[in-house]
Visitor: 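Below is the structure I would like to discuss, written out as structure tokens.
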Amino acid sequence: MIEEKLYPFDEIEKKWQAYWRENKLFTVDEQNWKNKYYCLMMFPYPSAALHVGHGRNYIIGDVVARYKMMRGFNVLTPMGFDAFGLPAENAAIKGGIPPKVSTLNNIATMKRQLDQWGVEYDWSRVVISCLPDYYKWTQWIFLKLYEKGLAYKKKAFVNWCPSCKTVLANEQVVNGTCERCSTQTTQKDLEQWFFRITHYADRLLSDLDKLTEWPERVKTMQANWIGKSTGVEIDFKIDGLAEKLKCFTTRIDTIYGATFIALAPEHPFVDKIIEGAKDKAAISKVVQKMRNESKIERSQEEAAKEGVFTEKFVINPVNNKKIPVWIANYILMEYGTGAIMAVPAHDERDFEFAKLYKLPIEVVIDDPKSPLDAATMKEAYVGEGIMANSGKFNGIDSQTAIKKIGDFFEENKWGKRATQYRLRDWLISRQRYWGAPIPIVYCPKCGTVGVPEKDLPVLLPENVEFRPTGESPLKFAKDFVNTKCPKCGEPATRETDTMDTFVDSSWYYLRYITPKLTDRPFDTELVNKWLPVDQYIGGIEHAILHLLYSRFITKFFYDIKVTGFDEPFKNLFTQGMIIKDGAKMSKSKGNVVSPDKLIADYGADTVRLYTLFIGPPEKDAEWSDRGVEGAYKFLGRVWRLVEKGNALRATGNADEKLKKNIDDLKRKTHQTIKKVTDDLDGGFHFNTAISAIMELVNETYDVIALDPSGKKDIEVLKEAIESVVILLSPFVPHIGEEMWRALGKTDSMFKSKWPSYDKNAIVEKVVTIAIQINGKLRSKIEVSADMNNADLKAAVLSDPKIKNWIGEKAIRDLIIVPKKLVNVVL
RNA sequence: GCCGAAGUGGUGGAAUGGCAUACACGCUGGUCUCAAAAACCAGUAACCGUAAGGUUGUGUGGGUUCGACUCCCACCUUCGGCACCA
């Protein structure tokens, strides 16, 4: 803890925050979209208080916004709150404070924290997703999707979190546990609303290629999640039944080695297939047992394989062989067709199952390295190879066979090529109160009816009773539930489920452009001018959920022609987490660092500078209180530098030594401008940009120390100091603005231009050449930068140390790297 | 198992084929002070050496190159994603 106040940060920070707000520095006219730059930070859920880990996101965004402003862009930086969600409702159940009240309180607290950080937004555009003027349009999106058949209700096995007492989307289940509370989820067979995101699977995958400015790892995660695979869907004739059994395979090349068929226990054909079996009762029992195993049990580690023979067979179309049909617990109904052709020789799971139930194994692809023997093989051979025991395809390589056998199937109409995705439809129903009501009415006569647009919003009732059971109060709100059918006017009931909050956040960035429109969600023309977002900044934890859903909704809007772009975010930056004591900051771990005390002790600029200097912003970083003090000391040093600079008066001429130092300082100044500009433009290299400014500060001090009486070229010193202030200002805006005025400027520094460097000034006149002997550094010489190679060679060879090293040996080669290095090869 | 990222002083990190450890933290010694803080000066990879200097050194082992933290191959460790996905 540093006791002394190194500069009056408290006065300065309050003063300039008020100034920026009064002068509406961050307020944007949406009609003025020329030279626009849309800088967006993921809007937060309004929890009780922010910590320094959250701060990183907003600080980075603020730096980018201020920098782009100084580069002459018309910068839009809005902020809002993802305000629906479970914590507020749970607090209401526990403490009795209505969710709306606690949420709006938290929003006020968070806004205050953002303000004291000096993080500025165009607050005239604030979007709060839990207010009716916003969720009206969330409901409108639901209706549009419903209209186009992309929102539908179905009964399905869904993920249920017993603690949150609601269903969850697949994306919200992590390793079989709830993403929010880490409780083990269970399966429930419920009727729920879904969005047909799978219709967009292919585009969501292939358009990842358009996102050239997105981090590779985010794109990989999305691609994995969508999980595309291509193969063949085979129609197997079932012996003794009219139906054909569809099996999907990516390995049609192994079709001759299929020795059994396996169905998921939930497969719709199961009952029909075991009908009439001799052992029907026993088979049924096994099937029941497998069905009762929850999905979690099945997917945990290496669950034991189990299955039962159905006494039925299918015909393999390629060789008319009869293949036995089994029901097996390792087949998932959710993927493919819920039935597979099993090829034990070339699939590990099938191999394991075949060994367990002593089913035949037939090698149809030979390992080119060592021949395979079905009788002795210890594991399946899943690689490529040469086709064997495969009729007319014998001898060709398996890659070619995939193509040829695919053609063969399509020619004979035994099946067709097909694509499968891992992605499931987005389950959006939630059995909770604090969310946007799903705008649907159930009428005994007309069935399921969408609420007409003119009747939106379907208001969330506020006088409701929260039950300790966690059941949604909406179910018991009679005035809400009982309504009239919009079609026939007869008594009807409302849907009492609300929407997943990820629906709210899937479109908020569009609302910021025209946040106050009451007759439309947004103005298409203006949105097309301002979007896509130029820079989106947020946490990696949203790599799949929020970013995938937003891309989906954007594509849907594009298709229904309410927007003219099909990807919402051009550049994406995902910042790393701030770690404390080896763990992510969280209240439960008790390792939260609050910004409030730090800002009180050292000021917001210090916290900002340290947060940016801590390391590359995309990487996780360990928080250190010592590091904060270092940042504070540096700002004090800069503060004193400006004071010193202002006190300097030129008195007479500088001597030679001083002249050289002044030349060096001028060069350093322009090199620093270049370095900082490149670091900000070419990625977010804040940490190295700040180090470069520190170097310039150090060098400026050195020059002043050489001659404190002031016999020097004042202009160069003033330029150096002014550059330090301006280059530093996006990072530490308050002290930046204050020092800017101290240098005699009258307008806000964020209205002034970012400096450009003089190309001639950065050129080194004298360079240090490293001299290596056989690649090892042995000496260094200083030479003029324009020295020719012949002279350089002579200079190197006359260096006494080098002479000594060479001795009597012959020089075999001499490599010259201009202005850097000479390597003498002996 | 598959896919991806990473591994550099006591610490955070810098350097993407050319002087490894910039910048900062910490530490050691000094100046100032009654004292502390701040500030300023000097030092700080390891080993050998009084020193000059030398040797080693970027997870490990190989390779390419005049030259490798950087490129290639194999491996180890850590983190993240996916995973009985047919």
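Below, chains carry the letters A, B, ... as their sequence lines are ordered, and counting in each starts from 1. No hydrogens, no waters, no symmetry mates; every other heavy atom, side chains included, goes into these values. Quick caveat: nothing in here was measured; it's all calculated off a predicted structure.
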Visitor: I want to verify a distance call: between B:C19, B:G67, B:A86, whose nearest atom is closest to the A:N823 side chain?
Guide: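 Ranking B:C19, B:G67, B:A86 by closest atom to the A:N823 side chain puts B:G67 first.
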
Visitor: Closest to the A:K780 side chain: B:C84, B:C19, B:C82?
Guide: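 Output: B:C19.
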
Visitor: Considering Watson-Crick and G-U wobble pairs with both distances under 3.5 Å, what does B:C79 pair with?
Guide: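 B:G4 - that is the nucleotide pairing with B:C79, both distances being under 3.5 Å.
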
Visitor: Can you tell me the base-pairing partner of B:C19? Count Watson-Crick or G-U wobble geometry only, both distances below 3.5 Å, and say none if there is no partner.
Guide: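 Partner of B:C19: none found under 3.5 Å.
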
Visitor: OP1, OP2 of B:U56 versus side-chain N and O of A:K776: anything below 4.0 Å?
Guide: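 The answer is yes; a side-chain N or O of A:K776 sits under 4.0 Å from OP1 or OP2.
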
Visitor: What's the CD-C1' distance between A:E629 and B:C25, to the nearest Å?
Guide: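 To the nearest whole Å, that distance equals 10 Å.
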
Visitor: When you compare B:A20 with B:U58, how far apart are their P atoms, in angstrom units rounded to a whole number?
Guide: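 Each nucleotide's P atom is 12 Å from the other's.
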
Visitor: Paired with B:U50 by Watson-Crick or G-U wobble geometry, both distances under 3.5 Å: which nucleotide is it?
Guide: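 Paired with no nucleotide.
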
Visitor: Would you check if the distance from the ring center of A:Y357 to the ring center of A:W326 is below 6.0 Å?
Guide: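 Yes, the ring of A:Y357 comes within the 6.0 Å limit of the ring of A:W326, centre to centre.
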
Visitor: Assign each of A:I540 and A:K820 to its nearest nucleotide of RNA chain B by heavy atoms, then name whichever residue's nucleotide is nearer the 5' end.
Guide: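 Here A:K820 is the residue nearer the 5' end.
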
Visitor: Could you let me know what B:U64 is paired to, Watson-Crick or G-U wobble, both distances under 3.5 Å, or none if it's on its own?
Guide: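 The answer is none; no pair meets the criterion.
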
Visitor: Distance check, C1' atoms only: B:C76 and B:U60, in whole angstrom units.
Guide: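 Rounded to whole Å, the distance is 7 Å.
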
Visitor: Where the side chain of A:N329 is concerned, which of B:U56, B:C84, B:G18 is the nearest nucleotide?
Guide: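 So the side chain of A:N329 is nearest to B:C84.
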
Visitor: Does OP1 or OP2 of B:C40 have a side-chain N or O of A:R637 closer than 4.0 Å?
Guide: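 For B:C40, OP1 or OP2 has a side-chain N or O of A:R637 closer than 4.0 Å.
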
Visitor: Any strand is fair game: report the nucleotide pairing with B:A24 by Watson-Crick or G-U wobble, both distances under 3.5 Å, or none.
Guide: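 With both distances under 3.5 Å, B:A24 matches B:U11.
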
Visitor: Identify which one of A:F686, A:W623, A:Y602 satisfies the ring pair (Phe, Tyr, Trp, His ring centres under 6.0 Å) criterion when paired with A:Y610.
Guide: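 Single pass found, and it is A:W623.
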
Visitor: From NE2 of A:H685 over to C1' of B:C23, roughly how many Å is that when rounded to an integer?
Guide: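 Going from NE2 in A:H685 over to C1' in B:C23 covers 16 Å.
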
Visitor: For the P atoms, the ones on B:U77 and on B:C84, what distance do you get once it is rounded to whole angstrom?
Guide: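 Those two atoms are separated by 24 Å.
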
Visitor: Quick one: on RNA chain B, does A:I769 or A:A692 contact a more 5' nucleotide (nearest heavy atom)?
Guide: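 Final value for this comparison: A:I769.
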
Visitor: For B:G18 and B:A68, measure between their P atoms and round to the nearest Å.
Guide: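 Each nucleotide's P atom is 11 Å from the other's.
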
Visitor: What's A:R812 touching, base or sugar-phosphate or nothing? Going by heavy atoms closer than 4.0 Å.
Guide: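 Answer is nothing: A:R812 stays at 4.0 Å or more from every strand.
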
Visitor: Suppose you measure atom C1' in B:C73 against the same atom in B:U64; what distance do you get, rounded to whole Å?
Guide: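 Going atom to atom, C1' in each nucleotide, I get 11 Å.
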
Visitor: Counting only side-chain heavy atoms from C-beta out, which of B:A24, B:C84, B:A37 sits nearest to A:E4?
Guide: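 Out of B:A24, B:C84, B:A37, the nucleotide with an atom closest to A:E4's side chain is B:A37.
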
Visitor: Heavy atoms under 4.0 Å, any strand shown: does A:D350 hit a base, just sugar-phosphate, or nothing?
Guide: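 No contact.
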
Visitor: Grab the CZ-P distance between A:F686 and B:A14 for me, whole Å please.
Guide: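 The answer, rounded to whole Å, is 14 Å.
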
Visitor: Does B:U33 have a Watson-Crick or wobble mate here (both distances under 3.5 Å), and if so which one?
Guide: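 None - no nucleotide pairs with B:U33, as no candidate has both distances under 3.5 Å.
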
Visitor: Answer with base, sugar-phosphate or nothing: what part of the nucleic acid does A:S229 contact at a heavy-atom distance below 4.0 Å?
Guide: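 Here A:S229 touches the backbone only, sparing every base.
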
Visitor: Rounded to the Å, how far apart are A:N698 CG and B:C41 C1'?
Guide: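 For the pair A:N698 CG and B:C41 C1', the rounded distance is 14 Å.
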
Visitor: Is A:N224 near enough to B:C85 that one of its side-chain N or O atoms lies under 4.0 angstrom from OP1 or OP2?
Guide: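 It does not, given that no N or O in the side chain of A:N224 lies less than 4.0 Å from OP1 or OP2 of B:C85.
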
Visitor: For A:L821, report the nucleic acid contact type (base, sugar-phosphate, nothing); a contact means any heavy atom under 4.0 Å.
Guide: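 If one applies the 4.0 Å heavy-atom cut-off, A:L821 turns out to touch a base.
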
Visitor: Any side-chain to backbone donor/acceptor pair from A:R640 onto A:G636? Under 3.5 Å, distance only.
Guide: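 Yes, the answer is positive, given that a donor and an acceptor are paired below the 3.5 Å cut-off.
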
Visitor: With sugar-phosphate meaning primed atoms plus P, OP1 and OP2, does A:R778 contact a base, only sugar-phosphate, or nothing at under 4.0 Å between heavy atoms?
Guide: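 The residue A:R778 makes sugar-phosphate contact but no base contact.
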
Visitor: Within the distance-only criterion (no hydrogens, no angle test), does the side chain of A:R778 pair as donor or acceptor with the backbone N or O of A:Q772 below 3.5 angstrom?
Guide: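 Here the side-chain-to-backbone pair does not exist.
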
Visitor: Angle between ring planes, A:F684 versus A:F573, binned at 30° and 60°: parallel, tilted or perpendicular?
Guide: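 It falls in the tilted class, 30° to 60°.
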
Visitor: Using a strict cut-off of less than 4.0 Å between a Lys/Arg side-chain nitrogen and an Asp/Glu carboxylate oxygen, indicate whether A:K819 and A:E764 qualify as a salt bridge.
Guide: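 Salt bridge flag = no for A:E764 with A:K819.
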
Visitor: Between B:C85, B:G81, B:G26, spot the one nearest the side chain of A:R349, thanks.
Guide: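 Closest nucleotide among those given: B:C85.
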
Visitor: Regarding A:W623, tell me which of base, sugar-phosphate or nothing describes its non-hydrogen contacts under 4.0 Å with the strands shown.
Guide: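 Touches nothing.
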
Visitor: With sugar-phosphate meaning primed atoms plus P, OP1 and OP2, does A:K619 contact a base, only sugar-phosphate, or nothing at under 4.0 Å between heavy atoms?
Guide: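 Nothing: the residue A:K619, judged by heavy atoms under 4.0 Å, touches no strand.
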
Visitor: Select base, sugar-phosphate, or nothing to describe what A:L6 touches, counting heavy atoms under 4.0 Å on all strands.
Guide: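 Here A:L6 touches the backbone only, sparing every base.
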
Visitor: Base, sugar-phosphate or nothing for A:T250? Non-hydrogen atoms, less than 4.0 Å.
Guide: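 Here A:T250 touches the backbone only, sparing every base.
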
Visitor: Please give the nucleotide sitting opposite B:A45 as a Watson-Crick or G-U wobble pair, both distances under 3.5 Å, or none.
Guide: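 For B:A45, the partner nucleotide comes out as B:U56, under the 3.5 Å rule.
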
Visitor: Report yes if a side-chain nitrogen or oxygen of A:R217 is closer than 4.0 Å to either non-bridging phosphate oxygen (OP1 or OP2) of B:A5; otherwise report no.
Guide: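 Looking at the OP1 and OP2 atoms of B:A5, neither is under 4.0 Å from any side-chain N or O of A:R217.
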
Visitor: The side chain of A:W805 lies closest to which of these nucleotides: B:G54, B:U56, B:G18?
Guide: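 Closest of the options to the side chain of A:W805: B:G54.
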
Visitor: Can you tell me how far P in B:A42 sits from the matching atom in B:A35, rounded to whole Å?
Guide: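 The answer is 24 Å between these two P atoms.
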
Visitor: Counting only side-chain N and O atoms of A:T688, is one of them less than 4.0 Å from OP1 or OP2 of B:G13?
Guide: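 For B:G13, neither OP1 nor OP2 has a side-chain N or O of A:T688 closer than 4.0 Å.
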
Visitor: Taking A:D253 for the side chain and A:A401 for the main chain, is one N or O donor matched with an acceptor at less than 3.5 Å?
Guide: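 No.
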
Visitor: Around A:K219, counting heavy atoms of other residues, nucleotides and ligands shown, do more than 12 lie under 6.0 Å from its NZ?
Guide: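 Yes, the 6.0 Å shell around NZ holds more than 12 heavy atoms from other groups.
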
Visitor: Please state how far atom CG in A:D625 lies from atom C1' in B:G12, giving the value in whole angstrom units.
Guide: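 Result: 14 Å.
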
Visitor: Take atom CG of A:D702 and atom C1' of B:C40, then tell me their distance rounded to the nearest Å.
Guide: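 About 12 Å, once rounded to whole Å.
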
Visitor: Taking the side chain of A:L777 as heavy atoms from C-beta outward, which of B:C82, B:C40, B:C19 is closest to it?
Guide: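 The answer is B:C19, which lies nearest to the side chain.
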
Visitor: How would you label the contact of A:G227 with the nucleic acid (heavy atoms, under 4.0 Å): base, sugar-phosphate, or nothing?
Guide: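 Result for A:G227 = nothing.
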
Visitor: Looking at B:A14, B:C19, B:C66, which one has an atom nearest to any side-chain atom of A:P616?
Guide: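 Out of B:A14, B:C19, B:C66, the nucleotide with an atom closest to A:P616's side chain is B:A14.
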
Visitor: Rounded to whole Å, how long is the line connecting atom CD of A:E334 with atom P of B:A86?
Guide: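 Value for this atom pair: 14 Å.
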
Visitor: Using the rule given for side chain to side chain donor-acceptor pair (under 3.5 Å), can you reason through A:T185 versus A:N159, listing the C-alpha separation, both sets of side-chain angles and the distance that settles it, and then say yes or no?
Guide: CA-CA 6 Å; A:T185 58; A:N159 309 301; 4.9 Å; no

Visitor: Does B:G54 sit syn or anti, given that only angles within 90° of 0 count as syn?
Guide: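 Here the answer is anti: the torsion falls beyond 90° from 0.
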
Visitor: Tell me: CH2 of A:W639 to P of B:A38, nearest whole Å?
Guide: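 Distance check: A:W639 CH2 to B:A38 P gives 20 Å.
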
Visitor: With a 3.5 angstrom cut-off on both distances, give the Watson-Crick or G-U wobble partner of B:A38, or none if there isn't one.
Guide: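 Partner of B:A38: none.
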
Visitor: So which nucleotide from B:A22, B:C85, B:C82 ends up closest to the side chain of A:I544?
Guide: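 Output: B:C82.
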
Visitor: Name the closest nucleotide to the A:F613 side chain, picking from B:A24, B:G54, B:A22.
Guide: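 That would be B:A24.
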
Visitor: Quantified in whole Å, what is the C1' atom distance between nucleotide B:G81 and nucleotide B:U70?
Guide: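 Between the two C1' atoms, the distance is 27 Å.
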
Visitor: Write down the distance separating the C1' atoms in B:C79 and B:G10, rounded off to the nearest Å.
Guide: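 Pairwise C1' distance, B:C79 against B:G10, rounds to 23 Å.
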
Visitor: Ring-plane angle category for A:F353 and A:Y330, please: parallel below 30°, perpendicular beyond 60°, tilted otherwise.
Guide: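 Geometry flag for A:Y330 against A:F353: tilted rings.
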
